[in-house]
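Since the structure is predicted, the reported quantities are computational estimates derived from the model, not experimental observations. All residue numbers in this chain count up from 1 along the given sequence.
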Amino acid sequence: MTRQKIEIKKIDNITARQVTFSKRRRGLFKKAQELSTLCDAEMALIVFSSTGKLYDYSSSSMQKVIERHNFQSEHPAKSSQPSLDELERYASLSKELAEKTTEIRQMKGEKLEDLGLDELKRLEKLVEAGLGRVIETKDDRILKEINSLKRKGVQLLEDNQHLKQMAGTRRVQTDIIDQGQSSDSITGICSSADLPEDFDSSDTTLKLGLPFPESS
């Protein structure tokens with residue numbers, strides 16, 4: 001007698017539903033255990049019955065599996081297997097890199113044996129254009145250096161002139177001070193020479209009132 005295919009829908013009969021749940025649950029846990037053992041997979045199953053009863057299975061630690069699941073959800077790891085678009089882009093970039101490398105070597109004068117006349121002419125134009133840009137950039141840099149040196153030279157001349165003016169001003173002030181000191185010395189000497197010979201500069205007492213009477 002062949003087994004009849006059961007329609008997948010909710011079982012209305014409560015007793016039949018509980019019996020089916022019990023059988024399917026044990027079969028599900030058994031398959032999970034076999035898969036974990038055969039494939040070395042870390043597994044965890046959590047099942048709640050219609051009455052709210054908890055059934056679980058874990059190949060190692062349920063807590064560790066849950067923590068690993070949460071971490072993986074927050075930090076999804078990028079697949080190590082590249083997609084087709086990534087492979088095509090990688091091939092395109094590799095080809096472009098090889099072409100540019102060959103072109104640079106040819107501009108240096110290498111690997112020219114396989115080039116035809118048209119390719120050599122094209123390479124010659126590229127070299128001439130590049131050389132022109134190099135010369136133009138070099139001339140621009142030289143001109144900038146010359147202008148910078150000119151500005152520095154003008155600034156140095158101005159600073160030198162300013163220092164000369166400051167030195168001249170100080171020299172004049174020093175001469176004036178020296179002349180003033182010499183005049184004071186001469187004036188002091190002349191004043192001393194005009195005094196009488198019997199002048200006693202030490203008598204500086206101030207006498208007030210009537211003179212004392214002379215004794216008879």
Side-chain angles (χ1 to χ4, degrees), residues 5 7-9 24 27-48 56-168:
K5 186 176 181 180
E7 184 180 1
I8 304 300
K9 68 176 184 178
R24 295 291 181 108
L28 178 62
F29 285 178
K30 183 179 179 180
K31 290 295 183 182
Q33 183 181 8
E34 292 175 356
L35 180 60
S36 175
T37 302
L38 293 173
C39 303
D40 193 24
E42 191 173 6
M43 302 184 64
L45 293 176
I46 299 176
V47 180
F48 288 95
D56 59 6
Y57 165 78
S58 175
S59 59
S60 57
S61 170
M62 177 65 71
Q63 184 65 29
K64 290 182 179 180
V65 174
I66 293 175
E67 291 176 355
R68 183 176 179 182
H69 171 269
N70 294 335
F71 179 82
Q72 190 72 16
S73 300
E74 296 175 359
H75 306 84
K78 187 177 180 181
S79 176
S80 58
Q81 188 70 21
S83 63
L84 182 60
D85 293 338
E86 291 176 339
L87 291 175
E88 291 178 353
R89 179 170 177 77
Y90 175 77
S92 176
L93 292 175
S94 299
K95 182 180 178 181
E96 183 178 357
L97 177 61
E99 291 176 352
K100 294 298 182 182
T101 303
T102 303
E103 183 177 348
I104 291 174
R105 295 186 63 181
Q106 290 174 350
M107 293 181 69
K108 291 181 179 180
E110 303 175 3
K111 299 183 67 175
L112 303 177
E113 296 80 8
D114 299 333
L115 297 180
L117 182 59
D118 294 337
E119 293 176 339
L120 288 173
K121 289 181 178 180
R122 181 184 64 83
L123 182 60
E124 183 181 8
K125 291 181 180 179
L126 288 175
V127 173
E128 290 177 352
L131 181 60
R133 289 193 294 270
V134 171
I135 295 175
E136 182 180 356
T137 303
K138 183 190 69 174
D139 293 341
D140 184 61
R141 294 286 178 86
I142 292 175
L143 183 60
K144 289 181 179 179
E145 289 291 336
I146 292 174
N147 293 331
S148 177
L149 291 175
K150 286 182 178 179
R151 289 193 295 270
K152 290 181 179 179
V154 171
Q155 184 65 38
L156 288 174
L157 289 175
E158 292 178 354
D159 294 342
N160 190 23
Q161 187 66 26
H162 181 66
L163 291 174
K164 286 182 178 180
Q165 292 177 357
M166 292 179 61

_I need the full list of salt bridge (charged side-chain N to carboxylate O under 4.0 Å, His left out) pairs touching residues 136-149, with sequence neighbours left out, sorted by first then second residue._
Asp140-Lys144
_Suppose the criterion is salt bridge (charged side-chain N to carboxylate O under 4.0 Å, His left out): which pairs have a residue in residues 88-106, not counting sequence neighbours?_
Arg105-Glu110
*Val65 versus Met43, closest heavy-atom pair with distance*: CG2-O, 4.3 Å
According to side chain to side chain contact (heavy atoms under 4.5 Å, CB included), who are the partners of [X], at least two apart in sequence or on a separate chain?
| X | answer |
| --- | --- |
| Arg133 | Ala129 |
| Ser94 | Tyr90 |
| Asp159 | Gln155 |
| Ile146 | Ile142, Lys150 |

Would you be so kind as to tabulate the donor-acceptor pairs closer than 3.5 Å made by side chains of residues 30-42, with sequence neighbours excluded?
{"residue": "Ser36", "atom": "OG", "partner": "Ala41", "partner atom": "O", "Å": "2.7"}
{"residue": "Thr37", "atom": "OG1", "partner": "Gln33", "partner atom": "O", "Å": "3.0"}
{"residue": "Glu42", "atom": "OE1", "partner": "Arg68", "partner atom": "NH1", "Å": "2.5"}
{"residue": "Glu42", "atom": "OE2", "partner": "Ser60", "partner atom": "OG", "Å": "3.0"}

*Apply salt bridge (Lys or Arg N to Asp or Glu O under 4.0 Å) to Lys164 and list each qualifying residue two or more places apart in sequence or on a separate chain.*
none
_Arg122: partners by salt bridge (Lys or Arg N to Asp or Glu O under 4.0 Å), with sequence neighbours left out_ = none
